[in-house]
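Chain letters run A, B, ... following the sequence lines, proteins first and then strands; every chain starts at 1. Treat the numbers as computed from the prediction; the structure is a model and nothing was measured.
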Amino acid sequence: MGGSLNANHLMFLGYGALWTIGLSLIGLLGGGIAGFIVALCRISPSRIVRLLSAGYVQLIQGTPLLVIMFLTYFGLPALGVTVSPLMAAGASLTIFVSAYLGEIWRGCFESVPKPQWEAAEGLALSRSQRMMKVILPQAIRIATPPTVGFMVQIIKNTSLASVVGFVELARSGQIINNSLFEPFLIYTIIAVIYFALCYPLSRFSHRLEMRGGPARIELEAA
Amino acid sequence: MHKITRTDAASSVVGLSDVHKSFGALKVLNGVSFEVNRGEVLVLIGRSGSGKSTALRCIDRFETIDSGEIVVCGHRVSDPKLDLRALRQDVGIVFQSYNLFPHLTIEENITLAPCSVKGISKAQAKEQARRVLAQVGLEDKLHQYPEQLSGGQQQRAAIARSLAMQPKVMLFDEVTSALDPELTGEVLKVIEALAADGMTMVMVTHEMGFAKGIANRVVFMHHGKVHETGPAAILTSPATPELAQFVGAGL
Ligand SMILES: Nc1ncnc2c1ncn2[C@@H]1O[C@H](COP(=O)(O)OP(=O)(O)O)[C@@H](O)[C@H]1O
Ligand SMILES: [Mg+2]
């Protein structure tokens, strides 16, 4: 009832969309680094490290992202640590992404054929040399399509950051709707923007998979 | 350089004594002993499942043994405090599936370990890569990727990669079994040349004709034991009915 959609509203939405992208990048970067460590721990020669990291993954994958957001935003202040909405959202996404990417990447490491690991061992390479020079380059090739695909999940999940007061795309739509009360129009626009962000990534991931497919089969046969 | 007499007591390169190894309830090695001296070629033969690959893998500590002792180039392989990387610098191993690294060129495949493990310079490593590739007749494939090579060429490149580490002993596990018959010869020729050069080798093979020509000693494995052993001549005049049946079936 408060007027009609104008350029200011659209700019506000655009601003929200930028924060969605920003938060996604934070999640991807933070979660990527942490997820890489999780993946390495999951295939560690040490049993205790493997068990602990498996427990971490189970715990995070068994907890809704919403609850992780609540815990970091409302739980930490109760312990005397104040966090901004951006910090809470960024940290929550990092934790969430680390568990999923950690698991995806563990699978990619393990799908490098065992004879490749043994050939590297037989050449007296150290564990880190084997990982960096033999396994990782092959695992990255395998990991690229599912990782790009998972970025779609990250983008969609940033919308949950609105619960801690972080103004990203979904939240900015909500705010505008509170004044305009045009839910169908506004949430359609929001949906279109999410689609515009996610669809290219899905397509890209799919294309990578098509291209990577035959090469991967060859790799496994060798 | 390789004029060491076979009777030299210190010339043992690989020694297994009373080696036992099980996978769960399956007893695969049941008291295996044999010795390989410097410059010797020992050929392991036997039916599929008789434990040949396992014996070979134990030498390079890809499997740990339950009891007995293995000494390789002075390394006590069964010692829990073994320096694994030192052992593997002395031992080259080539598998049936060539296992070249697909993301690296042939040259990079070959220079990786010498540069990373031995710390020699890139230039030196490349020089050496050229030399070992010439040794296996592939000097023109330096900058190709493994997938651009035929199976026989890939296997020769894998042998060259091992040689670049200048091992004291080479282990070959059915290195021609994945190859078409017309590609087998080129790989066997490379191994023959290595033997003529004095390389100490332990090899598993089903090529009986080749084994006869190259073996200083033959070990026939049967049910996880050394059932019969002796010079290459035992392939033509076996003492046990099991070996007789095996070579009869193999010819
Ligand atoms: N890692 C393993 N786990 C369980 N069983 C194995 C393993 N490796 C080999 N075996 C079994 O041990 C036996 C001997 O195998 P192997 O040494 O490969 O024989 P060969 O090379 O003479 O054909 C076979 O029955 C095989 O199935
Ligand atoms: Mg075998």
Side-chain angles (χ1 to χ4, degrees), chain A residues 36 39-40 43-50 105-148 208-222, chain B residues 53 56-57 59-63 75 83-105 108-119 145-149 151 154-155 157-173 178:
Chain A
F36 183 65
L40 289 181
I43 56 168
S44 160
S46 154
R47 200 176 123 80
I48 184 84
V49 172
R50 282 201 308 270
W105 290 347
R106 174 191 64 90
C108 295
F109 279 134
E110 285 176 348
S111 60
V112 175
K114 190 156 169 274
Q116 288 284 315
W117 298 69
E118 287 194 340
E121 270 186 79
L123 289 168
L125 296 170
S126 70
R127 184 170 170 86
S128 62
Q129 289 166 346
R130 298 196 299 266
M131 287 305 294
M132 297 310 292
K133 296 184 170 156
V134 178
I135 305 305
L136 195 58
Q138 299 184 54
I140 285 174
R141 226 178 271 184
I142 302 169
T144 307
T147 303
V148 173
L208 284 173
E209 221 165 300
M210 300 312 283
R211 206 183 324 152
R216 202 180 324 160
I217 290 159
E218 236 170 60
L219 217 82
E220 246 134 350
Chain B
S53 295
L56 211 62
R57 290 168 60 82
I59 294 172
D60 209 8
R61 246 285 290 270
F62 278 109
E63 308 289 353
H75 307 281
D83 182 348
L84 204 50
R85 294 182 63 202
L87 167 73
R88 285 171 179 167
Q89 285 188 52
D90 287 341
V91 180
I93 187 162
V94 183
F95 302 97
Q96 179 180 334
S97 55
Y98 346 113
N99 309 331
L100 291 169
F101 305 133
H103 59 293
L104 300 178
T105 63
E108 290 164 341
N109 261 280
I110 295 173
T111 56
L112 174 63
C115 286
S116 315
V117 177
K118 296 201 160 164
Y145 282 89
E147 61 176 9
Q148 296 171 289
L149 270 56
Q154 287 192 48
Q155 191 57 290
I159 294 171
R161 181 174 67 176
S162 264
L163 290 177
M165 286 297 278
Q166 300 175 312
K168 298 195 177 107
V169 54
M170 288 284 290
L171 311 177
F172 295 98
D173 192 359

query: Under 3.5 Å, side chain of Gln129(A) to main-chain N/O of Ser116(B), donor-acceptor pair present?
result: yes
- request: Please report the closest heavy-atom contact between Ala119(A) and Phe101(B), naming both atoms and the distance.
  value: CB-CE2, 4.0 Å
Shortest non-hydrogen contact from Leu123(A) toward Met165(B): O-CE, 3.6 Å
statement: Between Pro115(A) and Asn99(B) the two heavy atoms that sit nearest each other are CB-OD1, 3.2 Å
query: Given that the side chain runs from C-beta out, which part of Glu118(A) has a heavy atom under 4.5 Å from chain B: side chain, backbone, both or neither?
result: both
query: Which pair of non-hydrogen atoms, one from Leu100(B) and one from Gln116(A), has the smallest distance, and what is that distance?
result: O-NE2, 2.9 Å
Nearest atoms (heavy-atom pairs only) where Arg85(B) meets Ser126(A): NH1-CB, 3.3 Å
field: Interface moiety of Val91(B) toward chain A, non-hydrogen atoms closer than 4.5 Å
entry: backbone
query: Under the 3.5 angstrom rule, does the side chain of His103(B) hit a backbone N or O of Ile135(A) as a donor-acceptor pair?
result: no
message: If I measure from the heavy atoms of chain A, does Arg161(B) come under 4.5 Å with its side chain, its backbone, both, or neither?
response: both
- prompt: Do Leu112(B) and Leu125(A) come within less than 4.5 Å of each other through their side chains, counting heavy atoms only?
  reply: yes
